There are 2 protein chains.
Amino acid sequence: MTSIDPLATDASGALRPTKQRLAVAEALRTYDGFHSAQEIHSRLDGAVGLATVYRTLTALAEAGAVDAMRSEDGETIYRRCSDTHHHHLVCRQCGRTVEVEGPAVERWTKTMAEDNGFTDVSHTLEIFGTCTDCR
Amino acid sequence: MTSIDPLATDASGALRPTKQRLAVAEALRTYDGFHSAQEIHSRLDGAVGLATVYRTLTALAEAGAVDAMRSEDGETIYRRCSDTHHHHLVCRQCGRTVEVEGPAVERWTKTMAEDNGFTDVSHTLEIFGTCTDCR
DNA sequence: GTAAGTGCAAACGGTTTGCAGCCTC
DNA sequence: GAGGCTGCAAACCGTTTGCACTTAC
C-alpha cells in the first residue's frame, strides 16, 4: 500500500524526480523521526524553496509515502513511512515522548468501527501524563 | 487532580467568575466532545469576544479543567474533563458521530503509561471511517 | 514543445497580544 | 479604588496560492 521509496509513485501520481524533490526525500531518509516542513527547509539550507518543501511534503503524504501528523504547537510534521504504526505517550510538562504500540487497540478500533457499519477505518490515539522526571 | 467545575480554581489560579467565563464554561458543559475556540465563540453568538474565548480556554486548559488537543486541520480543540469517558467514531464524509466506550482501551492506556513511569494519565482517541450511508 | 515543477511574494486562517476602558472583589 | 478581565484591532506564524519562469520528458 505504501512504497518504501517516496518517489516511486510512477504509476498514477507521476512525480518527477527533480533536484528539489530528491533533496526533500533524501532529507526524510536521513533524519529519522518526525520533522516539520520548516525544519527540512532549513536543513536543506535554502536549496529548496519553502513553498516547494510544503508542496512536496503534501504530495508525498497524499501518495502515502510519508506519514503526517500535527505537533502540539500546531506544526504539521512528517516522517518517512513504513515504520510500524504506533501511538504517542506525551509528558504534559516537558513534552518528552514515548512511542507505544498496541495490537489490541488496533483490533478494538477496527471492530468497533465495523460493528457500527464504518469502513476505511483509521484512528488517532494520544496518551498524556506526567513523566517520572517531572513529578 | 482536575476539578469538575472549570471555574473552581479558587486556591491558586483565582479565575474570576465573569459573565464571559461562565458562558464559555457553560458551553463546554452543554456541548459534549471536542470543540474549537471559534466554534464556541460562534455558538455563543458573539456574546463573548473571540480573544476572550481563546484566553479563557487557554486558562482552563492550564488549570487542568479542560483537555486540549489539536484537530486534524490545525485547530486547537477543547472538551471539559471528567465526562463519562467515551470516544468518538466519526464519518469522514457526513461527520456523523457515534460515541463508543471501551473499558479495555482505558485499561490499556493506563497500564501503558504507568509502565513508562507516567502518572495523571489521560488520553484521546478518535476513530475515523466512512459510514454506511456514505458508502 | 509542453506540461509539470519551482521560487517569490502576497494572501490566508487560526491564534496571540497591546492597549484603553470595564467590572469584580 | 486597584487589578484582573474584556473587546477591538493589529501583529504573528505556519501554511497555501497566484503567477511568471524553468526544467524534465
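Small disclaimer: the values here were computed from a predicted structure and weren't measured. Quick note on labels: first sequence line is chain A, next is B, and so on, each numbered from 1. Just the heavy atoms: all of them, side chains too, but no hydrogens, waters or symmetry mates, feed the values below.
- With C:dT6, D:dG7, D:dG14 as the candidates, the nucleotide lying closest to the side chain of A:Gln20 is C:dT6.
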For side chain to side chain contact (heavy atoms under 4.5 Å, CB included), just list the numbers for A:Leu28 and A:Leu57, CA-CA rounded to whole Å, side-chain angles, deciding distance to a tenth of an Å, and then say yes or no.
CA-CA 10 Å; A:Leu28 283 169; A:Leu57 288 173; 3.9 Å; yes
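- Under the salt bridge (charged side-chain N to carboxylate O under 4.0 Å, His left out) criterion, the residue pairs touching residues 40-63 of chain A are A:Glu39-A:Arg43, with sequence neighbours excluded.
- For B:Glu26, the salt bridge (charged side-chain N to carboxylate O under 4.0 Å, His left out) partners two or more places apart in sequence, or in a different chain, are B:Arg29.
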Heavy-atom protein contacts under 4.0 Å, nucleotides 16-25 of chain D, coded B base, S sugar-phosphate only, - none:
BBB-----BS
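- The hydrophobic cluster containing B:Tyr54, built from Ile/Leu/Val/Met/Phe/Trp/Tyr side-chain heavy atoms closer than 4.5 Å, also comprises B:Leu50.
- Using a 4.0 Å heavy-atom distance criterion, B:Ala47 is classed as a sugar-phosphate-only contact.
- With sequence neighbours left out, A:Thr132 forms a side-chain contact (heavy atoms from CB on, under 4.5 Å) with A:Arg96, A:Arg135.
- Evaluation of the side-chain hydrogen bond (donor to acceptor under 3.5 Å, both in side chains) rule for B:Ser71 yields B:Asp73 as partners, not counting sequence neighbours.
- Five base pairs at each end of the helix from C:dG1-D:dC25 to C:dC25-D:dG1 define two local axes, and these are offset by 30° (rounded to 10°).
- The side chain of A:Thr76 has D:dT15 as its nearest neighbour among C:dG5, D:dG7, D:dT15.
- Annotation: ring-ring contact (aromatic ring centres under 6.0 Å, His included) contacts of B:His35 (sequence neighbours excluded): none.
- Which of C:dT6, D:dG14, C:dT15 sits closest to the side chain of A:Gln38 comes down to D:dG14.
- With sequence neighbours excluded, no residue forms a ring-ring contact (aromatic ring centres under 6.0 Å, His included) with A:His41.
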